[in-house]
Amino acid sequence: MPFMKGRAPIRRTLRYLEAGRLVLKNEIKIFTINYNTLGPHHTGTEEFVFWYLPQIQYKNPDVQIATFKNMTPSPFIRCFYEAGHQMLIECDSKSKEEIHEHLLKVVGKSEEVLKQEAIAREKKDNPANFGVGCERHCICEINGQLTCPQIVPLPFHMRGKHKNAEKE
């Protein structure tokens, strides 16, 4: 499989991408990471980009994410909010796990908010649904559909036993 080539191909699997825990708040529109590829105090940020950035991109499709390499003396993350202000997060000499945990606390949605959003997504208030626990008990209650065979019998050409009897 061609997608399983390269360094750490596990990062390209759907299971790995869905396992990401960092879902950014709705107010954040741009997320930038600045780091150098050389230097011991940049290794945590570089590993964070390598391991966690694909998950963040997958979980936050409406957020513009940019990385700037070799343009800064110290590593940092900048978040631009919808209202126009920005937040600067220092990542100097931190490990990838420390950076990830700090971002979860500061710019990530809380567990309660994520659970509420999952429940809201799961809610089935679709007017096309019918059956027990829905607005309509049967599809025959919708205009343009055939009435229930309990009330008005189906024509003979629509009944299976009459079709099969004609063939024999």
| remark: Output for pair (Leu88 CG, Glu90 CD), nearest 0.5 Å, gives 6.5 Å

| Does Gln55 reach the side chain of Tyr16, with side-chain heavy atoms less than 4.5 Å apart? | yes

| field | Pair Lys109, Asn26: side-chain N/O donor-acceptor within cut-off below 3.5 Å | value | yes

| field | Arg11 side-chain N/O to Phe50 backbone N/O, donor-acceptor pair under 3.5 Å | value | yes

| said: Measuring from atom CZ of Arg78 to atom CD of Gln86, what distance do you get when rounded to the nearest 0.5 angstrom? | reply: 5.0 Å

| said: Show the nearest heavy-atom pair for residues His41 and Pro75, with the distance to one decimal. | reply: O-CG, 3.6 Å

| Single-linkage hydrophobic cluster Ile99~Phe68, side-chain heavy atoms < 4.5 angstrom | no

| Gap between atom CZ of Phe31 and atom CD1 of Ile77 - 0.5 Å precision | 4.5 Å

| field | Minimum side-chain heavy-atom gap Val23-Val113 below 4.5 Å | value | no

| task | Run the numbers on Ile30 and Tyr81 for side chain to side chain contact (heavy atoms under 4.5 Å, CB included), then give the verdict. | result | CA-CA 7 Å; Ile30 303 173; Tyr81 286 83; over 6 Å; no

| Would you say Leu114 and Ile56 are hydrophobically clustered, going by side-chain heavy atoms of ILVMFWY under 4.5 Å? | no

| Note: Glu101-Arg21 ion pair, threshold 4.0 Å (strictly below) | yes

| note | Closest non-hydrogen contact found for Phe76 with Ser74 is CD2-O, 3.4 Å

| said: Tyr52 vs Gln57, test: side chain to side chain contact (heavy atoms under 4.5 Å, CB included). Steps then yes/no. | reply: CA-CA 9 Å; Tyr52 291 115; Gln57 288 175 324; over 6 Å; no

| task | Might you work through the side-chain hydrogen bond (donor to acceptor under 3.5 Å, both in side chains) test for Asn70 and Thr37, ending with a clear yes or no? | result | CA-CA 6 Å; Asn70 301 322; Thr37 54; 3.1 Å; yes

| said: Can you confirm whether Phe80 sits close enough to Lys29 that some side-chain heavy atom of one is under 4.5 Å from a side-chain heavy atom of the other? | reply: no

| query | What is the minimum heavy-atom distance between Leu17 and Lys59, and which atoms define it? | reply | O-CE, 4.1 Å

| note | Of all heavy-atom pairs linking Leu22 and Gly108, the shortest is CD1-CA, 3.8 Å

| query | What closest approach, in Å, do Glu46 and Asn36 show between heavy atoms, and which atom pair accounts for it? | reply | OE1-O, 4.1 Å

| said: Would you compute the distance between atom OG1 of Thr43 and atom NZ of Lys96 and round it to the nearest 0.5 angstrom? | reply: 10.5 Å

| Minimum side-chain heavy-atom gap Glu98-Phe48 below 4.5 Å | no

| field | CD1 on Ile10 to OG1 on Thr13, rounded to 0.5 Å | value | 4.0 Å

| query | Does His42 have its ring centroid less than 6.0 Å away from the ring centroid of Tyr35? | reply | no

| query | Are Leu53 and Ile65 close enough, and set up right, to give a side chain to side chain contact (heavy atoms under 4.5 Å, CB included), and what steps lead you there? | reply | CA-CA 9 Å; Leu53 195 64; Ile65 299 175; 3.6 Å; yes

| Got a second to check how far Leu24's CG is from Cys79's SG, nearest 0.5 Å? | 6.5 Å

| said: Quick one, Met87 with Val106, criterion side chain to side chain contact (heavy atoms under 4.5 Å, CB included). Give me CA distance, side-chain angles, the key distance, then yes/no. | reply: CA-CA 10 Å; Met87 178 186 291; Val106 177; 3.3 Å; yes

